[in-house]
Amino acid sequence: MRTLLLLSCSATVCLSQAYAESALSFVDLRAQAGIAQTEGQSGSLTLMAGDIGNKDQHVLTMDADMGIVLGLRGSVTETTAKRKDTNTDLDLKLGGGAIVGGLGFYLGKNVHMELAGGYGQGVGTTTGDNPWDARDSRYKMYLAELGLYYTLTNGVQLGLIVGGSIVKVTFDDVVTSSKVKAETEGFDGSVALGYRF
């Protein structure tokens with residue numbers, strides 16, 4: 001009887017240890033496409049890493065089921081900004097990179113959410129076919145986003161991202177030979193297709 005009680009206690013301790021510590025640690029590569037600054041369009045490639053703790057698998061708690069996410073993003077955007085000197089539209093094609101980071105939330109075995117902010121810089125053009133053609137602009141970007149991601153067992157990932165961004169542009173006006181400030185802001189929304197390594 002004493003042996004049976006000892007084996008039963010040992011099994012309980014082993015099972016509780018197996019379920020006490022679980023974590024979602026990941027590295028995801030995501031391609032995103034969607035709306036930028038409410039009326040523009042954007043495409044990006046994001047490499048995101050995270051470590052989201054899940055202390056108790058059967059209980060979702062804020063402190064146990066969240067962790068840090070951090071990533072790098074390269075993007076191209078076609079948008080319209082308002083010139084500050086004339087209040088007219090400036091059509092831009094922008095390309096650059098951003099650092100993105102924030103909190104990740106474990107929602108289940110295949111589902112997690114990310115609340116992130118970011119800062120980016122890059123170059124652009126008002127006349128060229130792509131952001132690196134006839135560069136006449138530089139920009140800084142500030143962004144905030146909320147993403148929901150579902151990862152299949154084979155590593156393929158689907159995501160839906162909503163948020164907003166502010167883009168501050170410095171444009172080299174060849175007509176007036178001066179640097180002109182312009183700005184755009186608005187809603188961002190995109191879908192993502194990715195892979196978890």
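The basis for the numbers below is simple: all heavy atoms, side chains too, and nothing from hydrogens, waters or symmetry mates.
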(message) I'd like to know if Leu158 and Val191 are part of one continuous hydrophobic network [Ile/Leu/Val/Met/Phe/Trp/Tyr, side-chain heavy atoms within less than 4.5 Å].
(response) no
(request) Using a strict 4.0 Å threshold on nitrogen-to-oxygen distance, state whether Asp172 and Arg138 make a salt bridge. (result) yes
(message) Are Lys84 and Glu183 packed together at the side-chain level, in the sense that at least one heavy-atom pair is separated by less than 4.5 angstrom?
(response) yes
(message) Just to verify, what does Thr125 make a side chain to side chain donor-acceptor pair (under 3.5 Å) with, not counting sequence neighbours?
(response) none
(message) Within this structure, what is the CZ-CD distance for the pair Phe187 and Glu39, rounded to the nearest 0.5 Å?
(response) 13.5 Å
(request) For Glu185, enumerate each residue passing the salt bridge (Lys or Arg N to Asp or Glu O under 4.0 Å) test, keeping only those at least two apart in sequence or located in another chain. (result) none
(message) How long is the straight-line distance from CG of Asp188 back to CD of Gln32, given to the nearest 0.5 Å?
(response) 10.0 Å
(request) Write down the atom of Arg30, the atom of Phe26, and the distance for their closest heavy-atom approach. (result) NH2-CE1, 4.0 Å
(message) To the closest 0.5 Å, what do you measure between OG1 (Thr77) and CE (Met141)?
(response) 6.5 Å
(request) Please identify each residue that fulfils salt bridge (Lys or Arg N to Asp or Glu O under 4.0 Å) with Glu78, with sequence neighbours left out. (result) none
(message) With heavy-atom distances below 4.5 Å as the criterion, would you say the side chains of Glu145 and Val100 are in contact?
(response) yes
(message) Just to verify, what does Lys140 make a salt bridge (Lys or Arg N to Asp or Glu O under 4.0 Å) with, not counting sequence neighbours?
(response) none
(message) I want to check a possible cation-pi pair here: Arg196 against Tyr149, using under 6.0 Å from ring centre and within 45° of the ring axis as the test.
(response) no
(message) Any heavy-atom pair between the side chains of Val111 and Leu148 that's under 4.5 Å?
(response) yes
(message) Let me check something: do Leu160 and Met113 share a hydrophobic cluster, defined by ILVMFWY side-chain heavy atoms less than 4.5 Å apart, either directly or through other members?
(response) no
(request) Please round to the nearest 0.5 Å and tell me the distance separating atom CG of Leu24 and atom NE2 of His112. (result) 6.5 Å
(message) How close do Met48 and Gly71 get, counting heavy atoms only, and between which atoms?
(response) SD-N, 3.5 Å
(request) Answer with yes or no whether the hydrophobic clustering places Tyr106 together with Val69; edges join I, L, V, M, F, W, Y residues whose side-chain heavy atoms lie under 4.5 Å apart. (result) yes
(request) Please assess Ile99 against Tyr119 for the test side chain to side chain contact (heavy atoms under 4.5 Å, CB included), listing each intermediate value before the final yes or no. (result) CA-CA 6 Å; Ile99 296 173; Tyr119 171 76; 5.8 Å; no
(message) Check this for me: Leu146, atom CG, are more than 12 non-hydrogen atoms of other residues, nucleotides or ligands nearer than 6.0 Å?
(response) yes
(message) Could you measure the distance from the CG atom of Asn110 to the OG1 atom of Thr153? Nearest 0.5 Å is fine.
(response) 7.0 Å
(request) Indicate, with yes or no, if Phe197 and Leu45 share a hydrophobic cluster defined by side-chain heavy-atom contacts under 4.5 Å among Ile, Leu, Val, Met, Phe, Trp and Tyr. (result) yes
(request) Could you tell me which non-hydrogen atom of Thr38 sits nearest to which non-hydrogen atom of Gly186, and how far apart they are? (result) OG1-CA, 3.3 Å
(message) For residues 86-103, which residue pairs pass the salt bridge (Lys or Arg N to Asp or Glu O under 4.0 Å) check, not counting sequence neighbours?
(response) Lys82-Asp89
(request) For residues Thr126 and Leu92, report the shortest heavy-atom separation together with the two atoms involved. (result) CG2-CD2, 3.7 Å
(request) Start with the C-alpha distance between Met66 and Leu115, add both sets of side-chain angles, then the distance that settles side chain to side chain contact (heavy atoms under 4.5 Å, CB included), and finish with yes or no. (result) CA-CA 10 Å; Met66 70 179 186; Leu115 177 62; over 6 Å; no
(message) If we count only N and O atoms by modelled type, under 3.5 Å, do the side chains of Thr79 and Gln37 hold a donor and an acceptor together?
(response) yes
(message) Other residues, nucleotides and ligands only: do more than 12 of their heavy atoms fall within 6.0 Å of CG on Asp129?
(response) no
(request) Can you measure from CG (Leu29) to CG (Leu193) and round to the nearest 0.5 angstrom? (result) 10.0 Å
(request) Decide side chain to side chain contact (heavy atoms under 4.5 Å, CB included) for Asp136 and Phe171; before the verdict, give the C-alpha distance in whole Å, the side-chain angles of both, and the deciding distance to 0.1 Å. (result) CA-CA 6 Å; Asp136 56 17; Phe171 165 65; 3.6 Å; yes
(request) Check salt bridge (Lys or Arg N to Asp or Glu O under 4.0 Å) between Asp173 and all other residues, then give those that pass, not counting sequence neighbours. (result) Arg83
(request) Please check if Tyr139 and Val180 belong to a single hydrophobic cluster, counting links between Ile, Leu, Val, Met, Phe, Trp and Tyr side chain heavy atoms closer than 4.5 Å. (result) yes
(request) Please step through side chain to side chain contact (heavy atoms under 4.5 Å, CB included) for the pair Ile68 and Leu103, ending with a clear verdict. (result) CA-CA 5 Å; Ile68 302 296; Leu103 296 174; 4.1 Å; yes
(message) Testing the basics here: between Pro131 and Val76, what is the closest heavy-atom pair and its distance to 0.1 Å?
(response) CG-CG1, 4.3 Å
(message) To check you understand the geometry: which heavy-atom pair defines the closest contact between Val169 and Ser137, and what is its length?
(response) CG1-CB, 4.0 Å
